[in-house]
Every structure is written in C-alpha cells, then in structure tokens.
Number of protein chains: 2
Amino acid sequence: MSIQTRRERERAERERLIVTAARELAEAEGWEAVTTRRLAAEIEYSQPVLYSHFKGKEAIMAAVAVQGCAELAAEMRTASRAAKGKRGRLTAVGEAYTAFARRRPALYDAMFTHRVDLPFATPEAPAELQEAFAELLAAVEPIAAEGDDPGLLTETYWAGLHGLVTLMRSGRLPEGAHERRLELLTGHFTAEASR
Amino acid sequence: MSIQTRRERERAERERLIVTAARELAEAEGWEAVTTRRLAAEIEYSQPVLYSHFKGKEAIMAAVAVQGCAELAAEMRTASRAAKGKRGRLTAVGEAYTAFARRRPALYDAMFTHRVDLPFATPEAPAELQEAFAELLAAVEPIAAEGDDPGLLTETYWAGLHGLVTLMRSGRLPEGAHERRLELLTGHFTAEASR
DNA sequence: GCCTTGATTCTAGCAGTGCTAGCGAATCTG
DNA sequence: CAGATTCGCTAGCACTGCTAGAATCAAGGC
C-alpha cells in the first residue's frame, strides 16, 4: 500500500513538473516553441512519458490553461476588492483582465484563444474556469439594467475585453490607445442602455 | 513584348488559382487541411511553384484574408444601406459582421485570428482592410458622443464583435444566445456614456 | 539469494509538416 | 539550327505529434 502511494505521489509530482515546464517554456518562447521533444528534454524524461500523463499536446495546454484561469480569477478578485463603487469595481476588473492578458500572453492564449478540449459554458467546466467567470459576473451584475440577464451581460462584456486584447496582441489594434479603448468599453457598459 | 505580357497574365492567373484554391480548401475543411502539398495537388502543379508566387504559407493566407476583407466590407455596406436610422444602421452592420464570421469561419480566421503578416493599423494597410474598417466607422460615427474619438469608438465596437464571434466559435460562449448578446452590445454602444 | 513476473521507460520509427537546392526539359533568341 | 535562359520538377532536409515494441528495473515467491 505504501509503495503504491509513493508511486502515485511521484507520478503526480512529475505531472506537475510537465505542466509547469510547458507553461514556463510557452511564456518564455511562445507555444510554437513548446514541442513534445523540447518538453521531454526539459523534464529530463523521454518523449513517450508525456503520453502516459496526457492524451496529447492539447491536453497539456488545457492543464496549463486551467492553472491560468485560477490565477486570473485571483487577480481580478484582489483588484475588485481594492476598488470602490460599482463603476470602480468594473473598471478595476477590466483593467486586471487586460493587464493579465498582456503580461502573460502565452498563458492567455492557452486559456482563451487556442483550440483546446475543455468544456466551457457547461456545469462540467473545471472549477477554475467557473471561478474566473464568477469573478467577472460579480463585477458586472451590479451595473446590469432592470431587464438584463446578468449572465449574458457578463458574457458580452467579457467578449469586449477579449476582443480588445486579441486584436491588439495580433497587431490589428495599436497598443498605444489601449487604456482609452478600455475606458470607452467600460464607460458604455456602465451607462443605461437605451432600448 | 507581347510574349512577356502573356506570361505575366498566365502567372497572375495561376496566382489567383492558388488563392481561390486555398480559400475553398480552407472553407471546406479548415486551415489545418490546407497543406502546401494538398494545395499544390489542387492547382495541379508541384509544391515549389507556390513559393515562386508567395513567400510561404502565411503569405497565401494573407492574400485570402485580403479577399475576405473586401467581401466583408461589401456585405456591411449593403446591410447598412438597407437599414434606417443611426441605431438601425449600427445594428445591421453588427449583424452583418457576425453573420459573415459565422458563415465563413475559415475566411474570418485568416482575416482576424490567425497570425498573419499584414500591416493593419497603419496607412500601408491594404485598401481592402481600410475599406472594411471605414464601413464600420461609418456606422459607429453617428452614435459617438460629444467628446469621443470616433476611430477609437469604432475599434472598441469592433473588438466587441470580434470577441463575441471568436469566443462563440471556440465553444467558450453558447451559440444560442448570440443574438441577445449582440443586442446587448449594440444597445450599450448606442446609449449615452455616463462619464 | 535467485529467478520469474510485472510494470515502466526508452529507442526507434511512422506519417506528416513547411520549405529549398539543384537537375532536366521546354522555350525563346541569334 | 545551336545556344542561352527561364521554368517547374524531383528529391530531400529538418522538423512536427505520436506510437509500437524492445529493454530495463523493481517487486514477489521459492
């Protein structure tokens, strides 16, 4: 029994090693540098061990993405706590979100850009994802108008943030005016919708 | 001289052939199916001819993207013309944009998601790109508030549309509520910002 | 203590990718 | 008709994700 548990512990340890190695490599040189061979060399094992832990490269990216979601949720939470008022909190959360995306582009891509086999908008989604969304929701809900569904409004605001970040990062929007665009987005969401 | 021109004409013809073949293959089976070998077989030439026309696969995708921009601009324009009023036009253009993205996902990805070496937010950007942006601008400008920069507001609205489309297509937002989210986005942009 | 049994990790290889060097043939020029 | 030049092809490089089967190591029974 004890031997069994030691082995399981070692396995779990190695799995964490794989995930952090993948993440660090991706953050340092981008996901295109994360090849199974490079990753195997990094953890000082041979290639096939990766496949005894994960179904494939996508699954490794998914594991990294889940980690990232937990961090994003935490950063949005602390930003929200430090701010005052409905508008202040939404602004703070929006800034925390985009700051995270710009500081950790590779992590962000694994979470929200790359095709990755994670359940998202369902109850089966990993707790970390739901946590991150809940954090956004908590900031958006107070500024929702009477008849608006807060969930849908949050999704829409999220889309705005995501669009800003991705278009900017791919060079399709100039970096310089980011703060002003973010301000515009948040400003229009905290206004009363004229329907 | 005539021989020269005939050759140039044939070359240009073949170049168009490459671009349309790439586009059709991408739309039918996705960009991951568009390999240089497959593409070469499709145009009934060998692989290396592709490289006598384009610097690489990315350049081919860029050419497809430019085509797509022209079409998107045209579709937004006709939608805008058919609509009435400031709000009606913005709604129509937003719907045209997202409808285009959902109907031609591969084309959309080449234009706005995949990393592609096209100048975007500069005067050197291809005319087709500027045209598409101008079409959006024309719809957004009338609803801009007093002190708002219409260009920045357009970029922000664009980001919202782009976020909605990409998050939905990657399964991160449920497809069902798309119309309602789009309505929320447009609604908040046509409202007065409370700054 | 030795040998068998079982799991675990590695070597080697497959089928594919984007891209390119250099040969062969077809074409135009003098 | 011979020579020069352009053109497209064959073949191959270095890489990718992934896997079958050999080899190695540790545990258990005698």
Side-chain angles (χ1 to χ4, degrees), chain A residues 1-19 21-23 25-26 28-65 106 109-110 114-118, chain B residues 1-19 21-23 25-26 28-65 106 109-110 114-118:
Chain A
M1 192 62 175
S2 163
I3 291 168
Q4 190 76 2
T5 56
R6 194 210 63 209
R7 288 208 161 149
E8 279 171 14
R9 203 174 51 235
E10 285 173 355
R11 250 191 89 79
E13 180 61 34
R14 195 172 60 183
E15 191 154 317
R16 275 207 306 278
L17 197 65
I18 293 172
V19 175
R23 179 190 163 153
L25 199 48
E29 304 181 38
W31 279 108
E32 66 277 358
V34 183
T35 70
T36 55
R37 274 164 245 265
R38 265 292 293 275
L39 199 48
E42 211 76 37
I43 62 167
E44 298 180 311
Y45 279 91
S46 74
Q47 241 183 329
V49 277
L50 301 176
Y51 294 89
S52 74
H53 286 272
F54 297 96
K55 209 182 63 194
K57 192 189 170 181
E58 280 210 350
I60 298 177
M61 290 182 62
V64 174
D109 281 347
H114 282 306
R115 173 163 273 285
V116 100
D117 52 351
L118 274 177
Chain B
M1 191 62 173
S2 161
I3 291 167
Q4 191 77 0
T5 55
R6 192 211 64 209
R7 287 203 164 156
E8 279 170 15
R9 202 174 51 234
E10 285 174 354
R11 251 191 87 79
E13 180 61 35
R14 195 171 59 180
E15 192 154 317
R16 274 208 305 280
L17 197 64
I18 293 173
V19 175
R23 177 189 166 154
L25 200 47
E29 304 181 37
W31 279 108
E32 67 278 357
V34 183
T35 71
T36 55
R37 274 164 245 266
R38 221 25 230 278
L39 198 49
E42 211 76 36
I43 62 166
E44 298 179 311
Y45 279 92
S46 74
Q47 240 183 328
V49 280
L50 301 176
Y51 294 90
S52 73
H53 287 272
F54 299 95
K55 210 181 63 194
K57 191 188 170 181
E58 280 210 349
I60 299 177
M61 289 181 63
V64 173
D109 280 348
H114 281 304
R115 174 164 271 286
V116 102
D117 52 352
L118 273 177

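Throughout, a chain's letter reflects where its sequence line sits, starting with A, and its residues are numbered from 1.
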Residue-level proximity of residues 41-51 of chain B to DNA chain C when a heavy atom falls under 4.0 Å: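 Within this stretch, B:Gln47, B:Pro48, B:Tyr51 sit under 4.0 Å of the strand.
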Length of the [atom1]-[atom2] vector between [X] and [N], whole Å:
X       : N      : atom1 : atom2 : value
A:Arg38 : D:dC15 : CZ    : P     : 12 Å
B:Leu17 : D:dG8  : CG    : C1'   : 15 Å
A:Trp31 : D:dT16 : CH2   : P     : 15 Å
B:Glu15 : D:dC7  : CD    : P     : 14 Å
A:Glu13 : C:dT8  : CD    : C1'   : 18 Å
B:Glu32 : C:dT17 : CD    : C1'   : 13 Å
B:Arg11 : D:dC7  : CZ    : P     : 7 Å

Short side-chain N/O contact from A:Thr36 to OP1 or OP2 of D:dG17, under 4.0 Å: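 Checking D:dG17 against A:Thr36, a side-chain N or O does come within under 4.0 Å of OP1 or OP2.
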Atom pair [atom1]/[atom2] of [X] and [Y] - distance to nearest 0.5 Å:
X       : Y       : atom1 : atom2 : value
B:Ile60 : B:Leu50 : CD1   : CG    : 5.0 Å
B:Trp31 : B:Met61 : CH2   : CE    : 5.0 Å
A:Glu42 : A:Thr35 : CD    : OG1   : 10.0 Å
A:Arg11 : A:Glu13 : CZ    : CD    : 13.0 Å
A:Ile18 : A:Tyr45 : CD1   : OH    : 9.0 Å
A:Arg16 : A:Ile43 : CZ    : CD1   : 13.5 Å

Sub-4.0 Å heavy-atom contacts from residues 53-61 of chain A onto DNA chain D, ordered by number: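 The answer is A:Gly56, A:Lys57.
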Residues in side-chain contact (heavy atoms from CB on, under 4.5 Å) contact with B:Ala33, at least two apart in sequence or another chain: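 Here the qualifying residues are B:Glu29, B:Arg38.
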Angle by which the axis turns from one end of the helix from C:dG1-D:dC30 to C:dC23-D:dG8 to the other, five pairs per end, to 10 degrees: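 It comes to 30° between the two terminal axes.
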Contact letters for nucleotides 22-27 of chain C, in which S counts primed atoms plus P, OP1 and OP2 and B counts the base, heavy atoms under 4.0 Å: -----S
Side-chain heavy atoms of B:Arg14 within contact of B:Val49, under 4.5 Å: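 Answer yes - side chains close enough.
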Whichever of B:Arg37 and B:Arg14 has its nearest DNA chain D nucleotide further upstream toward 5':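 The residue closer to the strand's 5' end, by nearest nucleotide, is B:Arg14.
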For A:Glu32, all residues meeting side-chain hydrogen bond (donor to acceptor under 3.5 Å, both in side chains), sequence neighbours excluded: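 Result, side-chain hydrogen bond (donor to acceptor under 3.5 Å, both in side chains) vs A:Glu32: none returned.
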